[in-house]
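Here's the structure we're looking at; comments come further down.
Both counts, for ligands and for their atoms, begin at 1 and track the order of listing.
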Amino acid sequence: MPTRNGLGYPREVHETRARAASQTKFLLEESQLPRRWYNIRADMPTASQPVLHPGTGQPVGPDDLAPLFPMALIGQEVSEEPEIEIPEEVLELYSLWRPTPLFRARRLEEAIGTRSRIFYKYEGVSPPGSHKPNTAVAQAFYNKQEGRRRLSTETGAGQWGSALAFACRLIGLECKVYMVRISYEQKPNRRSLIQAWGAEIVPSPSTDTQSGRAILEEHPDSPGSLGIAISEAVEDAAGRDDTAYSLGSVLNHVLLHQTVIGQEALAQMELAGAFPDVVIGCVGGGSNFAGLAFPFLREKIAGREIDVLACEPAACPTLTRGHFAYDFGDTSKLTPLVAMHTLGHDFVPAPIHAGGLRYHGVAPLISQLVLDGLIRAEAYLQNDVFASAVLFSGTEGILPAPEAAHAIHGTIRVAKKADEAGDERTILFNLSGHGHFDMGAYDSCFAGKLEDVALDEGEIERALRAIEGLPAPA
Ligand SMILES: Cc1ncc(COP(=O)(O)O)c(C=O)c1O
């Protein structure tokens, strides 16, 4: 049985197995919202490598990070406590959309004719439409508490930018969003949503920062990348006392905040009278994947058998083809060095529609768990991913975000492989967001204009030259 004692769940679950077997939605009461975040650092078999100061090569301390982040978040970044209490104010905001539903994908199962059972946790019910506000409201809360007036951030597809704009609006902070240029152009409606929540938004690279201007000088047509937008947002925050930087993925504290997803899913799977053999999520920086998977990895580390699968785009195959190395989190080398799977900080991924998966690195916690064999990864081509997305919307009804569609595609592959092997699996995946602001991507799909980009080896070799000479992980 899952060991969730101490995470604050009422344990009484009165559903019968018979009823659960025919049920489609598994819902929790608001009172069953997790009261603590789960910190996997307390349970990891190998600790992740320290974050290094690029100048000295020494581990960074709280003082190095203080210009960018509030102390509460710096504390969470290095905490070894297994559980961290969620402040009441954050719980109150979570209750606007949490707990989120867990569905049994019966119609998808029928459509692909699988013997396996497929469940998904749906994070698209949040006001901005994805999992991102789980950390946005927490980050905005701690920044406000410590007296910051304004936050700066980057956004890829616009999901994170809209989540932070939403959180800042509700909590009472100003917000500036640097949006990757290609997404800024492809997704004008996300831009409007960000503005509706009162944030300022510019396409990145922009002329508002030195980093942006330098890139535009060399590449006036740069489509931008998350690495470039991070440089701009960090530079913005570092240059103003009233401003902190906020990151939507990758960092330990961001992954920590997302663990409400997996904790709820554990309780909901129990309502369904099931436990997953396979847990699946898409990976950009890694936050939605970690949010669902970490509470299940806690079970795996304790001895349960679970296959944990990370799905990424073939155009940006960080986990499947990147190197585990120290690298910068951004293009202009403004961040500290982190040990992670990377394609090199100046790698600019092809402009695929899953904008939120176009990042050269990945969360160090996920990298370490991949190295330790607790997580495996696969990479998929864009046309295959969209075919699965369209199949999903035609069976389950929800039009997925292109990022989340990678998890759907991974799920369908696992189910089909199990059928071929004569196996029956229970699969749980994270549907991290809806695709209502991604209609341009679906237009391209229906017009047959989606390009399949698998990265060639020469480009990976070129991009990885950027990390030569940086410290090597121990
Ligand atoms: C819906 C959705 N899913 C997934 C991601 C990828 O980010 P992460 O790997 O941090 O969850 C994004 C990022 O923008 C997103 O918008």
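Taking the six-membered ring wherever Trp is involved, the centroid distance between the rings of Phe328 and His345 falls below 6.0 Å.
Where the criterion is an N or O separation shorter than 3.5 Å, residue side chain and backbone included, Gly285 meets it with respect to ligand 1. For ligand 1, the polar-atom distance check finds no N/O of Phe289 at less than 3.5 Å from any of the ligand's N/O atoms. Any N or O atom pair closer than 3.5 Å counts here, and Trp160 shares no such pair with ligand 1. The shortest N/O to N/O separation between Gly433 and ligand 1 does not fall below 3.5 Å. Some N or O of Ser249 is nearer than 3.5 Å to an N or O of ligand 1, by distance alone.
Screening Asp43, Val308, Thr259 for a side-chain contact (heavy atoms from CB on, under 4.5 Å) with Phe294, the sole residue that qualifies is Thr259.
Gly156 does not count as a contact of ligand 1, since none of its heavy atoms falls under 4.0 Å from the ligand.
Nearest-residue assignment for atom 12 (C) of ligand 1 (options Gln159, Glu123, Lys132; heavy-atom criterion): Lys132.
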Exercise. Walk me through it: do Ser211 and Glu235 pass the test side chain to side chain donor-acceptor pair (under 3.5 Å)?
Key: CA-CA 8 Å; Ser211 321; Glu235 185 185 321; 2.5 Å; yes
Exercise. For Glu378 and Tyr380, run side chain to side chain donor-acceptor pair (under 3.5 Å): C-alpha distance rounded to whole Å, both residues' side-chain angles, the deciding distance at 0.1 Å, then the answer.
Key: CA-CA 7 Å; Glu378 291 183 350; Tyr380 311 129; 2.5 Å; yes
Quiz item: Would His341 and Ser367 satisfy side chain to side chain donor-acceptor pair (under 3.5 Å), going step by step from the backbone distance to the final call?
Solution: CA-CA 6 Å; His341 287 79; Ser367 276; 2.8 Å; yes
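The shortest contact between atom 2 (C) of ligand 1 and any protein heavy atom is with Ser432 OG, 3.5 Å. From the protein, the heavy atom lying nearest to atom 6 (C) of ligand 1 is Gly356 O, 3.5 Å. Of the protein's non-hydrogen atoms, the one nearest atom 8 (P) of ligand 1 is Ser287 N, 3.4 Å.
Using cut-offs of 30° and 60° for the angle between ring planes, the Phe429 and Tyr120 rings count as parallel. Using bins of under 30°, 30° to 60° and over 60° for the plane-to-plane angle, the ring pair Phe296/Phe275 lands in the tilted bin. Using cut-offs of 30° and 60° for the angle between ring planes, the Tyr442 and Phe446 rings count as tilted.
Under 4.0 angstrom from ligand 1, there are no non-hydrogen atoms of Thr155.
Set against the non-hydrogen atoms of Leu357, the atoms of ligand 1 under 4.0 Å away are 6 (C). In summary, the atoms of ligand 1 found under 4.0 Å from a heavy atom of Asn288, numbered by their order in the structure, are 4 (C), 8 (P), 9 (O), 11 (O).
Atom CZ of Arg169 is surrounded by 12 or fewer heavy atoms from other residues, nucleotides or ligands within 6.0 Å.
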